[in-house]
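Note sheet for the following structure.
So that the names make sense, note that chain A is the first sequence line, chain B the second, and so on, each numbered from 1.
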Protein chains: 2
Amino acid sequence: MTAAANQSGRRPTTSRRLERAGIRDVAAAAGVSITTVSDALNGKGRLPDETRSRVREVAERLGYRPSAAARTLRTGRSGLIGLTVTTYGEEPFTFTEFAYFAEMARAATSAALGRGYALVVLPASSRHDVWGNIALDGTVVIDPPDQDPLVSELYRSGVPVVSDGKPGNCPVTAWVDNDHEAAVLGILDHLSEAGARRIGLLTGTSTDTYTRLSTEAYLGWCAKVGQEPVYEAYPAHDPAAGAVAADRLLARPDRPDAVYGLFDPNGTDLLAAARRYGLRVPDDLLLVCCSESDVYATTEPPITTLSLKPRRIGTTVVNLLIDAIEGVDSGTGVDIARLFPPRFRTAGTGPPPGTLMPTELIVRASSQRRSPRTTVNPPRPPGEV
Amino acid sequence: MTAAANQSGRRPTTSRRLERAGIRDVAAAAGVSITTVSDALNGKGRLPDETRSRVREVAERLGYRPSAAARTLRTGRSGLIGLTVTTYGEEPFTFTEFAYFAEMARAATSAALGRGYALVVLPASSRHDVWGNIALDGTVVIDPPDQDPLVSELYRSGVPVVSDGKPGNCPVTAWVDNDHEAAVLGILDHLSEAGARRIGLLTGTSTDTYTRLSTEAYLGWCAKVGQEPVYEAYPAHDPAAGAVAADRLLARPDRPDAVYGLFDPNGTDLLAAARRYGLRVPDDLLLVCCSESDVYATTEPPITTLSLKPRRIGTTVVNLLIDAIEGVDSGTGVDIARLFPPRFRTAGTGPPPGTLMPTELIVRASSQRRSPRTTVNPPRPPGEV
DNA sequence: CACTCTTGGAGAAACGTATCTCCAAGGGCT
DNA sequence: AGCCCTTGGAGATACGTTTCTCCAAGAGTG
């Protein structure tokens, strides 16, 4: 059998190989043509069931596995989706650092696998060495900074890009984000209703969309209700800096009586800082932070958190991306991205479609004052919602 | 320029394409052959620097990006490494669930990228749909169960496999693991020295190597020192089950006065259970658990943890794998895997090379008794180390 | 001058698949 | 009988690289 396969297969110069069986070997062993094998295995063409099953059996017997590389080259599709992970500093990658990224990545992986795609973890740095060597059908970009050159180049080269986080100034196929403004305003309202008179913010120094939008929403709210902004910013990727910033915030002469921390560890940081200054939570200080971690359910006291629902985001991002990938070529055979090149698309058809997803405020003890100090004159005028 | 490129390129039937520039286009535009372009861009062949830089410039101008699929097909190398993630139940994946996996995956990703490879996240289930469609140069398998069919098939098909966790009964190229036996014995000794008379174990019901080796080490130690084993097992992937098992363990009539929990959340679980039963830690109950999380540094009291140093593991696993990948073809051109097919290799050259890596015990308050109940008659005979 | 060696580079053969085109044979219909 | 339509399948091409082989022209050397 094997000898026959080797003999009848047309291998011109190189005499004999003991490599894995190729489609040619299967064809020879089954006594049919390559076309028939391909059609039989892929369920295409018009073949009687008998031929189909016979070919399949032979392929199974030879342990035939189609070459993914050849298939990719031929079809132009690899079944691979890039997942950029933000890389602070040099080597460490944040896709497991924060619970948000971890959950999001997990949901994205799951959604992709469910549709037959696999995720490739890639750094956000634009080193071509790695990016250029991988055939990607599309890419998920997590929270791209303004004018990300990597995103621009990907989009320019025709790879669909869907971002988690509204992109600042770079073109993407689509984007998904939370309604950060609504979330922050909701928290500020919540704190006001709990009796807060002066709400502080613990924010970051980076320019990512989340930080920017949240901070802007805070400042806008302050302007609207007439409160002087009280905030401290620190590099969010530095775990030690958060504690210092929390300390700074509570050490200010205009110390806030409520604080919202934008980053996951801020709850712990603020709690520790409050303890250090002898402030009781929630009696002297109301606390809310944005986190996906459930440790805040068991802290003393439990801390109110804002969940961005990263799993929903991850799932949505991947599904949007795969829709774009499969919509391009599968339908009419018309390549949309080519009909509307990036430069025309950005200017012509307007901004890329974005989806805003709701957040969820998990109210715990840290933001509920048992004996509210005041029930009149809430900081925010009741007329405005 | 572009017109000339299109004209001189030999595109037979299909008239004109607006696709991405290929190597042919670059060759035509630069007035050289395809060979020269390939050599110039890849730094091979004998070319004067002038030609090299000219070709590079033309390629840059045309925005040429080599097709990863074609390169993979030709060279047989994709630059892709599979990372299997254990998938308990259906969809959820554990590569971010536990801090150990998260850290390990992060380190592995980083190490791979540093050597020009990217990681593809793949489920441990042997669904061919995804696995078969991806050209992998090798695979990292996290803690394969005994006789994992996936690993066997991968290995059989010639893909190098390196596992994190000593493989039970399936052939791998190499493996890396902690010295779990030594780690457990070290902890039991540590607890004994702190005054423990009866040490309990919180373990899992699954058959992975870690659980098995650790449990066996515990049982062996018990037999040696003459203590009756006191342990409870539960399905480790169920977060709720841990708390129940911890409760069961402390509710037993032969309640231990020290417990080692094999899984990350066990520290919290045990602490809560101890509180429920009015047991003070460490006065009434000594506690150690295996965890990579630093939350145990701030619990009340801080809990002694065993760190498996997952980053070291991840880095080592990936480096071993890439060594195997590049050693096969790069050196003499001799394909080792073909010279020694799996069946000969397993029987002939003995078990695959394994590396044992040390763990680290981070001693905190939970395992140090302030006033030891007894200083005489430590449970373990001093003669044996 | 005849020769070898080096330099610079061109040609063409794979890699393994998917798919487009085309063909032969048979069967039914007018 | 002539024609068309369906079935079953073969041939050939293209996907875009890398790389092996080979060649021409100069440059040194006896």
Are any of Ser33(B)'s side-chain N or O atoms less than 4.0 Å away from OP1 or OP2 of dA10(C)?
->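 Result: yes.
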Can a side chain N or O of Thr72(A) be found less than 4.0 Å away from OP1 or OP2 on dC15(D)?
->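 For dC15(D), neither OP1 nor OP2 has a side-chain N or O of Thr72(A) closer than 4.0 Å.
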For the pair made of [atom1] in [X] and [atom2] in [N], what is the distance, rounded to whole Å?
X         : N       : atom1 : atom2 : result
Arg20(B)  : dC15(D) : CZ    : C1'   : 12 Å
Leu41(A)  : dT19(C) : CG    : C1'   : 15 Å
Arg77(A)  : dC15(D) : CZ    : P     : 17 Å
Glu50(B)  : dG9(C)  : CD    : C1'   : 13 Å
Asn133(B) : dT17(C) : CG    : C1'   : 12 Å
Tyr64(A)  : dG16(C) : OH    : P     : 10 Å

Nucleotide of dT17(D), dG16(C), dG9(C) approaching Arg24(A) most closely (side-chain heavy atoms) =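 Per side-chain heavy atoms of Arg24(A), the pick is dG16(C).
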Could you list, one pair per line, each protein nitrogen or oxygen that sits under 3.5 Å from a nitrogen or oxygen of nucleotides 19-26 of chain D, together with the distance?
unit_1  : atom_1 : unit_2   : atom_2 : d
dT19(D) : OP2    : Lys44(B) : NZ     : 2.9
dT19(D) : O4     : Thr35(B) : OG1    : 3.3

What residues form a side chain to side chain donor-acceptor pair (under 3.5 Å) with Thr316(A), not counting sequence neighbours?
->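 Thr316(A) satisfies side chain to side chain donor-acceptor pair (under 3.5 Å) with no other residue.
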Rounded to 10°, tell me the angle between the two end axes of the helix from dC1(C)-dG30(D) to dT30(C)-dA1(D), each built from five pairs.
->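 Answer for the end axes of this duplex: 60°.
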With a 4.0 Å cut-off on heavy atoms, is Leu73(A) in touch with a base, just the backbone sugar-phosphate, or nothing at all?
->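 It contacts base atoms.
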